[in-house]
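Just below is one structure, and these are the notes that go with it.
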Amino acid sequence: MIEIVLLNYLKEVLSVDVFMEIPPDPPETYVRIEKTGSSEEEYIETATFALQSYADSMYEAALLNREVIDKMRKIIKLDEVFKVKLNSDYNFTDPSTKKYRYQCIFDITY
């Protein structure tokens, strides 16, 4: 599963905790992985992931987002990944919790 490949990779290379869902008592700074879609053509699969960087300030969330983008560009070194493309990134502060976060969207072919 590409979700597990991505989770294990990011846990290894990032300076913060990485989760697939927000834990009941999350740390102040962390990254959340969310698969937003996928497709397949001629046995080649593509998935879109939203990677959300949470922090105590917008600046820290933006810095963490840049770290995530940098590390995601290097995921291409894994045998399981054929292509990686940054689709978008932006401020995505959570209006319900008022927690600062940035989000980057990546398309991964595997």
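Heavy atoms only: backbone and side chains are in, while hydrogens, waters and symmetry mates are out.
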Option from Ile105, Val84, Ile2 for which side chain to side chain contact (heavy atoms under 4.5 Å, CB included) with Phe49 holds: Ile2
With Val68, the side chain to side chain contact (heavy atoms under 4.5 Å, CB included) member among Val31, Val18, Val13: Val31
Side chain to side chain contact (heavy atoms under 4.5 Å, CB included) evaluation trace for Thr109 with Glu45: CA-CA 6 Å; Thr109 304; Glu45 297 181 75; over 6 Å; no
Pairwise side-chain contact, [X] with [Y], heavy-atom cut-off 4.5 Å (strictly under):
X	Y	result
Glu34	Gln52	yes
Met58	Thr93	yes
Asp89	Arg66	yes
Leu86	Cys104	yes

Enclosure of Glu41 CD (heavy-atom neighbours >12, cutoff 6.0 Å): no
Distance flag, aromatic centroids of Tyr90 and Tyr102, threshold under 6.0 Å: no
Check ion pair Lys11-Asp17 (N to O, under 4.0 angstrom): no
Lys/Arg N to Asp/Glu carboxylate O, Lys74 vs Asp70, below 4.0 Å: yes
Stepwise side chain to side chain contact (heavy atoms under 4.5 Å, CB included) test for Leu51 and Leu6: CA-CA 10 Å; Leu51 305 169; Leu6 181 57; 4.2 Å; yes
If you round to the nearest 0.5 Å, how far is [atom2] of [Y] from [atom1] of [X]?
X	Y	atom1	atom2	answer
Asn91	Ser53	CG	OG	11.5 Å
Ile108	Glu3	CD1	CD	9.5 Å
Ile33	Leu10	CD1	CG	5.0 Å
Gln103	Asp94	CD	CG	10.5 Å

Examine distances only and state if a side-chain atom of [X] and a backbone atom of [Y] form a donor-acceptor pair shorter than 3.5 Å.
X	Y	value
Lys99	Glu28	yes
Arg32	Glu21	no
Thr36	Thr48	yes

Closest heavy-atom contact between [X] and [Y]?
X	Y	value
Pro26	Pro23	CD-O, 3.2 Å
Phe106	Met72	CZ-CB, 3.4 Å
Ala55	Ala61	CB-N, 3.4 Å
Met20	Leu7	CG-CD2, 3.9 Å

Short side-chain donor-acceptor distance under 3.5 Å, Glu67 and Ser15: yes
Shared hydrophobic cluster for Ile69 and Tyr9 (ILVMFWY, side-chain gaps under 4.5 Å): yes
Same cluster (ILVMFWY, side-chain, under 4.5 Å), Tyr110 and Ile76: yes
Residue pair Tyr54, Tyr100: steps toward the ring pair (Phe, Tyr, Trp, His ring centres under 6.0 Å) verdict: CA-CA 6 Å; Tyr54 287 82; Tyr100 294 110; over 10 Å; no
Stepwise side chain to side chain contact (heavy atoms under 4.5 Å, CB included) test for Thr46 and Ser38: CA-CA 5 Å; Thr46 301; Ser38 63; over 6 Å; no
